[in-house]
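Comments concern the structure below.
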Amino acid sequence: MIARRTLAAALLLTVGTLPQIALAQQPAATTPQPTAPGIRWSKEVVPIASGEWTGPRLADGQPDVQGFWSNTISNHSNFTDPQAGPPGEPSGTAKLPRDQRAPSRVSDPADGEIPYRPEARALQADFARNFANPTKPEYIEPLARCAPAGVPKSFMWHGYELRQYPGYVVLLFDSGTRIIRLEDGPPLADSIKLWNGDSRGHWEGNTLVVSVRNNNGKALFGRYGDFMSENGTVEERYVFDPEGKRFNYVATFTDPTVYTRPWTATIPNRRYTDADEPDGWHYDVQPVNIASDTPRYEHHERICVENNGPFGGGAVGVPFDGAVIAR
């Protein structure tokens with residue numbers, strides 16, 4: 001089954017202003033080599049320590065981490081064995097020894113497994129068993145119907161853009177948009193449940209610390225059906241390296257109705273820039289139609305609602321390039 005990519009559009013309607021301008025430009029660095037075409041994955045997860053931020057800052061004092069990013073180890077086919085493929089469709093590397101593939105995204109506990117309660121494990125296993133041949137609507141992954149990918153799967157489905165505004169960090173995913181508020185405010189009522197939850201954050205040096213509440217529990221973590229319920233909460237730490245070229249997403253999930261104890265996931269990410277070649281996945285951008293000596297790219301908004309459009313497309317039959325009227 002192939003999940004369709006969804007609309008990453010609501011930002012401008014919600015925020016309505018341009019991203020902040022950095023007080024200082026990124027420090028000069030060695031020009032990176034363009035990436036080769038196609039999707040490339042790494043099996044390494046490089047630790048990044050929390051500490052002081054020494055890079056450029058924005059006008060409101062936030063570390064300037066705006067730009068295009070993508071996770072480095074795999075898509076959402078398999079949460080605990082990221083490069084082994086989805087249920088019933090083992091990848092070419094699945095036959096290799098386990099240490100020759102990327103480690104589990106579950107960094108705690110040490111066995112790399114989500115500590116499900118028995119009844120929750122049975123639900124997850126039932127979904128995985130029926131994934132390849134779904135005979136009931138509940139066996140179809142919500143992302144395949146263009147529902148928002150939610151937390152944390154959005155980080156595993158294509159590259160994404162991070163923008164910053166005074167008081168906000170905004171994540172423009174290929175499967176929806178998350179807005180992280182950096183200011184205090186009244187919490188949402190417990191009865192309000194959202195695909196991406198309600199995110200409130202603050203900066204601690206090089207680390208964006210975010211608390212996610214009000215999850216609706218409908219999104220799955222991947223094609224094996226891993227999940228949290230509407231009672232789940234997530235404490236996220238986005239730990240950026242000093243050069244602002246990488247960050248690790250480190251998230252602790254707590255849900256006593258699903259797990260026997262809190263557990264932590266780690267998802268490594270790297271930045272993509274104009275020095276990289278657009279590849280349709282990590283750096284999924286299109287040239288901006290502006291005359292300039294410097295190439296500029298933007299991530300296209302996607303129109304994706306249930307049963308609308310094939311894989312790789314927006315609205316039915318609308319091409320990425322060329323005149324729409326000519327289709």
Side-chain angles (χ1 to χ4, degrees), residues 11 14-15 17-32 35 42 44-73 105 107-108 151-152 154-156 159-173 177-185 196-213 233-253 264-276 282-283 285 297 299:
L11 163 69
T14 307
V15 179
T17 58
L18 293 172
Q20 291 192 82
I21 305 300
L23 288 178
Q25 298 297 316
Q26 291 281 0
T30 303
T31 301
T35 51
S42 170
E44 307 295 335
V45 178
V46 180
I48 303 175
S50 293
E52 295 300 316
W53 173 253
T54 57
R57 292 183 181 274
L58 300 170
D60 67 346
Q62 291 188 61
D64 180 7
V65 292
Q66 297 179 111
F68 293 95
W69 298 84
S70 184
N71 104 81
T72 60
I73 57 173
R105 295 184 176 96
S107 50
D108 176 50
V151 178
S154 296
F155 290 102
M156 297 175 279
Y160 54 93
E161 185 177 2
L162 189 156
R163 296 186 181 183
Q164 292 169 277
Y165 303 84
Y168 296 90
V169 173
V170 179
L171 294 161
L172 292 171
F173 293 116
T177 301
R178 275 188 67 187
I179 299 175
I180 300 170
R181 294 180 56 176
L182 301 179
E183 54 191 18
D184 293 331
N196 282 305
D198 180 36
S199 298
R200 310 296 175 99
H202 65 277
W203 284 95
E204 295 179 0
N206 66 342
T207 303
L208 175 63
V209 181
V210 181
S211 178
V212 188
R213 301 289 189 275
T233 61
V234 189
E235 302 300 321
E236 301 176 322
R237 296 178 67 84
Y238 300 67
V239 188
F240 291 85
D241 73 3
E243 290 77 30
K245 295 180 178 178
R246 293 181 177 271
F247 80 86
N248 284 341
Y249 171 86
V250 183
T252 298
F253 295 78
T264 300
T266 299
I267 300 175
N269 297 261
R270 62 150 284 196
R271 182 193 289 273
Y272 284 78
T273 71
D274 292 347
D276 297 298
H282 295 299
Y283 195 35
V285 296
Y297 298 96
H299 182 92

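All values reported here derive from a predicted model rather than from experimental measurement.
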T264/T252 under side-chain hydrogen bond (donor to acceptor under 3.5 Å, both in side chains): CA gap, chis, key distance, verdict: CA-CA 4 Å; T264 300; T252 298; 2.9 Å; yes
D64 (side chain) donor-acceptor with Q66 (main chain) under 3.5 angstrom: yes
From CD1 (I180) to NE2 (H202), nearest 0.5 Å: 12.0 Å
Centroid-centroid distance, Y160 to F155, less than 6.0 Å: yes
Nearest heavy atoms of D60 and P166, plus distance in Å: OD2-CA, 3.2 Å
side-chain contact (heavy atoms from CB on, under 4.5 Å) between T207 and F240, worked out: CA-CA 6 Å; T207 303; F240 291 85; over 6 Å; no
Enclosure of E183 CD (heavy-atom neighbours >12, cutoff 6.0 Å): yes
Sub-4.5 Å side-chain heavy-atom contact between V234 and P152: no
Side-chain heavy atoms of V170 within contact of Y165, under 4.5 Å: yes
side-chain contact (heavy atoms from CB on, under 4.5 Å) partner of R178, chosen from N196, L172, L162: N196
For D241, all residues meeting side-chain contact (heavy atoms from CB on, under 4.5 Å), sequence neighbours excluded: I48, E243, K245, R246
Student check: side-chain heavy atoms of R237 and N248 closer than 4.5 Å: no
Main-chain N/O of G55 paired with W53 side-chain donor or acceptor, under 3.5 Å: yes
Y249 side chain reached by N269 side chain, heavy atoms, under 4.5 Å: yes
Student check: side-chain heavy atoms of V239 and F247 closer than 4.5 Å: no
Side chains of T72 and S42, donor plus acceptor under 3.5 Å: no
Heavy-atom pair of closest approach, residues R271 and D276: O-OD2, 4.2 Å
Ring centre gap for Y272 and W69 strictly below 6.0 Å: no
R163 side chain vs V169 backbone, donor-acceptor pair below 3.5 Å: no
Flag, side chain of Q164 to backbone of P63, donor-acceptor distance under 3.5 Å: yes
Sub-4.5 Å side-chain heavy-atom contact between Y297 and D274: yes
Donor-acceptor pair between R213 and S211 side chains, under 3.5 angstrom: yes
Beyond-backbone contact of Y168 with I179, side-chain heavy atoms, under 4.5 angstrom: yes
S154 side, atom OG; N71 side, atom CG - distance, nearest 0.5 Å: 11.5 Å
Test item: side-chain donor near acceptor, R270 and S70, under 3.5 Å: no
Audit row: L182, Q62, side-chain contact (heavy atoms from CB on, under 4.5 Å) steps and yes/no: CA-CA 10 Å; L182 301 179; Q62 291 188 61; 3.4 Å; yes
Rounded distance [0.5 Å steps], CG in D108 versus OG1 in T266: 9.0 Å
Under the side chain to side chain donor-acceptor pair (under 3.5 Å) test, residues paired with N206 that sit two or more places apart: none
Test log, rule side-chain contact (heavy atoms from CB on, under 4.5 Å), inputs V212 and R200: CA-CA 7 Å; V212 188; R200 310 296 175 99; over 6 Å; no
Flag side-chain contact, heavy atom, 4.5 Å: V210 against E235: no
